[in-house]
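Every number for a ligand or one of its atoms is a count from 1 in the order of the listing. Bear in mind that the values here come from a model prediction, so they are computed numbers and not experimental data.
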Amino acid sequence: MLRVENLNAWYDRSHVLQGISLEVKKGEIVTLMGRNGAGKTTTLRSLMGLLPKKEGKAFIDGVSFLNLASHERYHLGLAYVPEDRRIVPGLTVKENLELGVIAQKSRGDMGVMVDEIAETFPRLKERLQQDGASLSGGEQQMLAIARALIAKPKVILLDEPSEGIMPVLVDEMFELFAKLKDDGITILLVEQNVQQALKISDRAYILDQGEIVFEDTAQNLLSNDEIQQKYCAV
Ligand code: ATP
């Protein structure tokens with residue numbers, strides 16, 4: 001579904017990603033792990049076209065997209081939820097969700113689409129008329145994910161969704177990811193919460209200094225303390 005070949009990226013003259021290759025098959029959850037500064041966020045940002053200088057190839061369903069504009073990638077079925085969530089203050093939860101509809105190429109009935117997504121996110125359903133910025137951190141994260149999902153993406157890139165969120169909501173969020181996987185959505189996940197991420201993942205890649213240094217099934221990695229200590233201790 002998502003294939004990345006020899007991705008290189010730079011911030012100014014700093015060569016941050018040094019030949020990343022990875023694959024996420026349809027319906028898989030794959031976690032990208034690694035210490036702070038390893039290049040996880042940069043990988044997702046490069047795939048979304050947010051870095052001025054990059055080289056390599058990336059495909060969704062065999063369609064090469066690295067040289068497409070961000071909105072074209074979006075129409076190919078690639079969605080991105082950045083770490084900072086980007087909830088628009090002054091807009092209600094409902095209006096924030098509607099932005100996800102507006103961004104779509106073939107817009108359906110906005111009301112129906114918002115209602116549909118609200119069914120999956122009961123916390124949001126109760127708060128549709130509330131200012132998006134007044135939600136808790138975890139609820140804002142849910143809103144950002146719901147807004148991305150409204151476009152029915154094929155692949156969703158999630159950057160640190162559990163960051164700064166209270167544990168009960170983190171559990172809810174991981175349950176949601178497992179459910180999305182059952183619905184056939186493909187997920188590339190960046191998470192510091194390694195144990196919880198691995199429990200719902202199929203496979204994982206470990207990044208270190210801009211290179212993939214290890215990959216294995218999530219099940220094997222869960223019991224591999226040595227690798228976790230070496231590459232994932234914050
Ligand atoms: P974290 O968990 O801390 O976000 P990460 O694995 O996501 O870590 P990146 O944010 O991708 O790491 O950073 C990779 C490298 O690129 C780091 O050395 C970082 O200092 C550098 N970097 C990140 N953003 C920029 C930027 N805007 N300008 C210059 N260098 C940057």
Under-4.0 Å salt bridge between K25 and D202: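 Between D202 and K25 there is no salt bridge, as every charged N stays at least 4.0 Å from the carboxylate O atoms.
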Presence of salt bridge, E98 and K94, under 4.0 angstrom: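 Salt bridge flag = yes for E98 with K94.
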Which ligand 1 atoms are under 4.0 Å away from a heavy-atom of [X]?
X	value
T42	9 (P), 11 (O), 13 (O), 14 (C)
Q192	2 (O)
A38	5 (P), 6 (O), 12 (O)
T41	4 (O), 5 (P), 7 (O), 10 (O), 11 (O)

Identity and separation of the nearest protein heavy atom to atom 14 (C) of ligand 1: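 Scanning the protein heavy atoms, the shortest distance from atom 14 (C) of ligand 1 goes to G37 O, 3.3 Å.
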Q192 and N36: side chain donor to acceptor below 3.5 Å: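 Yes.
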Any side-chain donor near an acceptor of the partner, Q141 and E163, under 3.5 Å: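 There is no such pair (donor and acceptor under 3.5 Å, judged by atom type) between the side chains of Q141 and E163.
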Test item, G39 contacting ligand 1 (heavy atom, 4.0 angstrom):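 Yes, that is the case, since the closest heavy atom of the residue is under 4.0 Å from the ligand.
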Test item, R35 contacting ligand 1 (heavy atom, 4.0 angstrom):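 Checking ligand 1 against R35, which is what was asked, there is a heavy-atom contact under 4.0 Å.
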Geometric N/O contact V16 with ligand 1, under 3.5 angstrom: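 It does not: no N or O of V16 is found under 3.5 Å from an N or O of ligand 1.
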Test of proximity, E83 against ligand 1: N or O pairs below 3.5 Å: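 For ligand 1, there is no N or O atom that lies under 3.5 Å from one belonging to E83.
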